[in-house]
Protein chains: 2
Amino acid sequence: MSPISRQPNKQDTHADFSYTEQALHTLKHAGLRITKPRKVVIDLLDNSPVPLSAYEIKEKIDSLGEKIDTVSVYRIIETLEKHHLIHRLLSSSKVQKCRLSPESSCDKHQSDHCHHLLVCSECHTVSEVHCPGANDLVQAVQQAAHFQITSHAIEFYGVCGSCSG
Amino acid sequence: MSPISRQPNKQDTHADFSYTEQALHTLKHAGLRITKPRKVVIDLLDNSPVPLSAYEIKEKIDSLGEKIDTVSVYRIIETLEKHHLIHRLLSSSKVQKCRLSPESSCDKHQSDHCHHLLVCSECHTVSEVHCPGANDLVQAVQQAAHFQITSHAIEFYGVCGSCSG
DNA sequence: TTCACTGCAAACCTTTTGCAATTCT
DNA sequence: AGAATTGCAAAAGGTTTGCAGTGAA
């Protein structure tokens, strides 16, 4: 059950609430404290169209005159990731706010929230998709190789609608 | 003689030639020079069952009394990757020799040699598979999102046959 | 001999740990 | 006040650049 009530037909996005509101609510609901550094990081991620590294987050916040320690950024990122509020790109280990709701995992059998990433080579923005057929792929690979698959990561690279249109 | 004992892997798809032979041939064919550092790195990768980071490669070679600069390792890795002789793991950015032939790409339409990785959580060895159905997945995602996919990366995590049996 | 390649220097980014100080509730 | 969280110190690994010297062809 989601901590936030949703319209029945808006299953895929957090459209009812801003990302910042959603994130703060999720943290509070988990018994975590709403601190200034956390708010600043969440706000920055909410407004960044591209994924950021821990160091880049620190730099951006510093340049805004806010000052934050790199270690704190790492720990905040860790917390946000644990609560499925951000994605980590495999190809760069940068992070970005998660735009799909936790319930929209491709695999209902795994607790992992499993969204797959579309990385645009032009503008470097990253969007998320469900992975229709990903379970079939997992099954096929599992059969072909003697390998028991517990999780998987998929990233697609190409050109997004805005950049190609 | 090489300081590293050679154990040609007969499970290779490059069955006629050892990985080392194949790699050296590929480099020579591309007009590149066969240098001592390159031979040592290739030999090390040929005999490593697990992926290695650039730093780990440097450490291993040094411990064999050969000495190599970290920067050289990076550049050699870059060269090998360009010629499809190694894979880079997304999840750790370590590299491993490529065991499947370049022709066995999952997607005949892309020049990319596209193999998908099976990472064992137990022994950390990485094997490669063709991706039956991956093209279907790419098509499905491309349709669902407004996104023109040019390449993709897939990693599966789980337990390999040796570790589960 | 030539120039592709390596080694060296140097700088910066990445990540983790322990402990003291701070601050949210 | 008490507990969660941040800042600081420090260390080690990871990555990149330019330049000078070496060595493969």
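We name chains A, B, ... by the order of the sequence lines, and we start the count at 1 in each one. Note that the structure is a prediction, hence the values are computed from the model and not measured. These numbers come from the heavy atoms of this one structure, side chains and all, not from hydrogens, waters or symmetry mates.
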### Task
Look at A/Ser93 and C/dT15 and indicate whether a side-chain polar atom (N or O) is within less than 4.0 Å of OP1 or OP2.
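So the side chain of A/Ser93 is within the cut-off, an N or O lying under 4.0 Å from OP1 or OP2 of C/dT15.
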#### Entry: Short side-chain N/O contact to D/dT6 OP1/OP2 from A/Thr70, under 4.0 Å
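Answer is no, no contact under 4.0 Å.
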Separation of atom [atom1] in [X] from atom [atom2] in [N], rounded to whole Å:
{"X": "A/Asp62", "N": "D/dG7", "atom1": "CG", "atom2": "C1'", "result": "12 Å"}
{"X": "A/Ile76", "N": "C/dT14", "atom1": "CD1", "atom2": "C1'", "result": "17 Å"}
{"X": "B/Tyr74", "N": "C/dC8", "atom1": "OH", "atom2": "C1'", "result": "16 Å"}
{"X": "A/Ile61", "N": "D/dT6", "atom1": "CD1", "atom2": "C1'", "result": "13 Å"}
{"X": "A/Asp69", "N": "C/dT23", "atom1": "CG", "atom2": "P", "result": "14 Å"}
{"X": "B/Lys82", "N": "C/dA4", "atom1": "NZ", "atom2": "C1'", "result": "13 Å"}
{"X": "A/Lys39", "N": "C/dT23", "atom1": "NZ", "atom2": "P", "result": "13 Å"}
{"X": "B/Leu52", "N": "D/dT15", "atom1": "CG", "atom2": "P", "result": "13 Å"}

### Query
Mind checking whether A/His152 and B/Phe156 have parallel, tilted or perpendicular rings, split at 30° and 60°?
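Tilted: the ring planes of A/His152 and B/Phe156 meet at 30° to 60°.
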### Message
Quick check: closest heavy atoms across A/Ile34 and A/Leu24, and the distance to 0.1 Å?
### Response
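For A/Ile34 and A/Leu24, the tightest heavy-atom pair comes out as CD1-O, 3.6 Å.
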### Query
Taking the side chain of B/Val71 as its heavy atoms from C-beta onward, which of C/dA9, D/dG7, D/dT15 lies nearest to it?
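In terms of side-chain proximity for B/Val71, the closest of C/dA9, D/dG7, D/dT15 is C/dA9.
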#### Entry: Polar contact flag, side-chain donor to acceptor under 3.5 angstrom, A/Ser164-B/Gln148
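No, B/Gln148 and A/Ser164 have no side-chain donor paired with an acceptor closer than 3.5 Å.
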### Task
Would you kindly compare B/Ser53 and A/Val73 by the position of their nearest DNA chain D nucleotide and give the one closer to the 5′ end?
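That would be A/Val73.
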### Task
Using heavy atoms to find the nearest nucleotide of DNA chain D for B/Ala54 and A/Gly31 separately, return the residue whose nucleotide is more 5′.
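Nearer the 5' end of the strand: A/Gly31.
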Between the protein and nucleotides 19-25 of chain D, list the N/O to N/O atom pairs that are separated by less than 3.5 angstrom.
| residue | atom | partner | partner atom | Å |
| --- | --- | --- | --- | --- |
| D/dG23 | N2 | B/Arg33 | NH1 | 2.9 |
| D/dA25 | OP1 | B/Ile34 | N | 3.1 |

### Message
Considering every strand and a 4.0 Å limit on heavy-atom distances, what is the contact class for B/Tyr55: base, sugar-phosphate, or nothing?
### Response
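The answer is sugar-phosphate, as B/Tyr55 gets under 4.0 Å only of primed atoms, P, OP1 or OP2.
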### Message
Using the salt bridge (charged side-chain N to carboxylate O under 4.0 Å, His left out) criterion, which residues pair with A/Glu122? Sequence neighbours excluded.
### Response
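None.
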### Query
Does B/Leu90 share a hydrophobic cluster with B/Leu117, counting links as ILVMFWY side-chain heavy atoms below 4.5 Å and allowing steps through other members?
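Yes, one cluster joins them.
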### Electrostatic pair B/Lys58:B/Asp62 at N-O distance under 4.0 angstrom
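Yes.
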### Query
Any side-chain heavy atom of B/Arg88 within less than 4.5 Å of one from B/Ile77?
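B/Arg88 vs B/Ile77: side chains touch.
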